[in-house]
Amino acid sequence: MCSPCLLQSFFARPTLEVARGLLGMRLVRSLNGARLSGWIVETEAYIGETDLACHARAGKTPRTAVMYGPPGRAYIYFTYGMHWLLNAVTEAEGFPAAVLLRAIQSVEGLEEMSARRAGVPPARWTDGPGKLCRALGLDGQQNGINLCDPSGELYIEAGPGVPDNEVLIGPRVGIQSTPEPWRSTPWRFRTQIRPGCGINED
DNA sequence: AGCACGATTAACT
DNA sequence: GTTAATCGTGCTC
């Protein structure tokens, strides 16, 4: 049931490798004694100050400080006046980069997720970066948390992964005003949900 | 101090 | 396909 937690060395690698490698790993949220989890099925890489789609383009600020810190931490920020988004910090400490977790296939804690996604069909509970934070009860309070600590309230466990022939790669979404070449750079990774292994099936 | 905008979502026409 | 919701952040004055 519980697999080993990913080590910090998993995150202390090139961000594209981490973004690809996180597909098929399990995001786990410990909330009020309950265990909520899901398979990671979509990610995006944001890499350094030269990546004009990355928040670190503005340099180190109070908001982006976590990205400059040690790898394996959660970078959670607020946007559009209403949504929280979850990232995993990558690369060596001092280099600002992270992987945005865009979607998970929920597996455990379905009752708790349902309560936070009232009126929404199960297949739509966690199929967007803002949605999964809402379903898992994540906000700024978890910013900076160590994702490699299985005794904490948010961490990532090893999973079966996803074979190359099931990985789709394309441009990142939601960065329409970002100039080229960043707008079209294929740093988005996704895979199909796993039939029979969760509830996000259409 | 003021302003434009956003790594989105849901509810419209 | 279009648009409102809603506020922290970073930039300009």
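Values reported hereafter were calculated over all heavy atoms of this structure, with side chains retained and with hydrogens, waters and symmetry mates removed. By convention in this document, chain letters (A, B, ...) are assigned in the order of the sequence lines, proteins followed by strands, and residues within each chain are numbered from 1. Remember, predicted model here, so these are calculated numbers, not experimental data.
If you check every strand for non-hydrogen atoms under 4.0 Å, R63(A) touches sugar and phosphate atoms only. Residue Y46(A) is in base contact, counting any heavy-atom pair closer than 4.0 Å across all strands shown. Here S177(A) lies in heavy-atom contact (under 4.0 Å) with sugar-phosphate atoms only. As judged by a 4.0 angstrom heavy-atom cut-off over every strand, L85(A) is placed among residues touching the sugar-phosphate backbone only.
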What are the atom names and distances for every N/O pair under 3.5 Å that joins the protein to nucleotides 9-13 of chain B?
| from | atom 1 | to | atom 2 | distance (Å) |
| --- | --- | --- | --- | --- |
| dT9(B) | OP1 | P129(A) | N | 3.1 |
| dT9(B) | OP1 | G130(A) | N | 2.8 |
| dT9(B) | OP1 | K131(A) | N | 3.1 |
| dT9(B) | O4' | H83(A) | NE2 | 3.2 |
| dA10(B) | OP1 | R117(A) | NH1 | 3.4 |
| dA10(B) | OP1 | R117(A) | NH2 | 3.0 |
| dA10(B) | OP2 | K131(A) | NZ | 3.4 |

Would you list the protein and nucleotides 11-13 of chain C atom pairs, both N or O, that sit under 3.5 Å from each other?
none

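Here, dG1(C) and dA7(B) have their C1' atoms 22 Å apart, quoted to the whole Å.
The stretch residues 180-191 of chain A does not touch DNA chain B, since none of its heavy atoms comes less than 4.0 Å from the strand. Applying a 4.0 Å cut-off to non-hydrogen atoms, none of the residues of residues 10-17 of chain A approaches DNA chain B.
Taking a pair as Watson-Crick or G-U with both hydrogen-bonding distances under 3.5 Å, the stems of three or more pairs touching DNA chain C are B:1-6 with C:7-12, B:8-12 with C:1-5.
In this structure R116(A) satisfies the salt bridge (charged side-chain N to carboxylate O under 4.0 Å, His left out) test with no other residue, sequence neighbours excluded.
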Q) Can D139(A) and R134(A) be said to form a salt bridge (Lys or Arg N to Asp or Glu O under 4.0 Å), step by step? A) CA-CA 8 Å; D139(A) 57 31; R134(A) 173 91 181 266; over 6 Å; no
Q: Would you check, one step at a time, whether the test side-chain contact (heavy atoms from CB on, under 4.5 Å) holds for R20(A) with V99(A)?
A: CA-CA 10 Å; R20(A) 163 66 182 86; V99(A) 172; over 6 Å; no
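Closest to the C54(A) side chain, of the nucleotides dC7(C), dG10(C), dA7(B), is dA7(B).
Rounding to whole angstrom units, OH of residue Y75(A) and P of dT9(C) are separated by 9 Å.
For the residue pair T178(A) and R183(A), no side-chain donor N or O sits within less than 3.5 Å of a side-chain acceptor on the partner.
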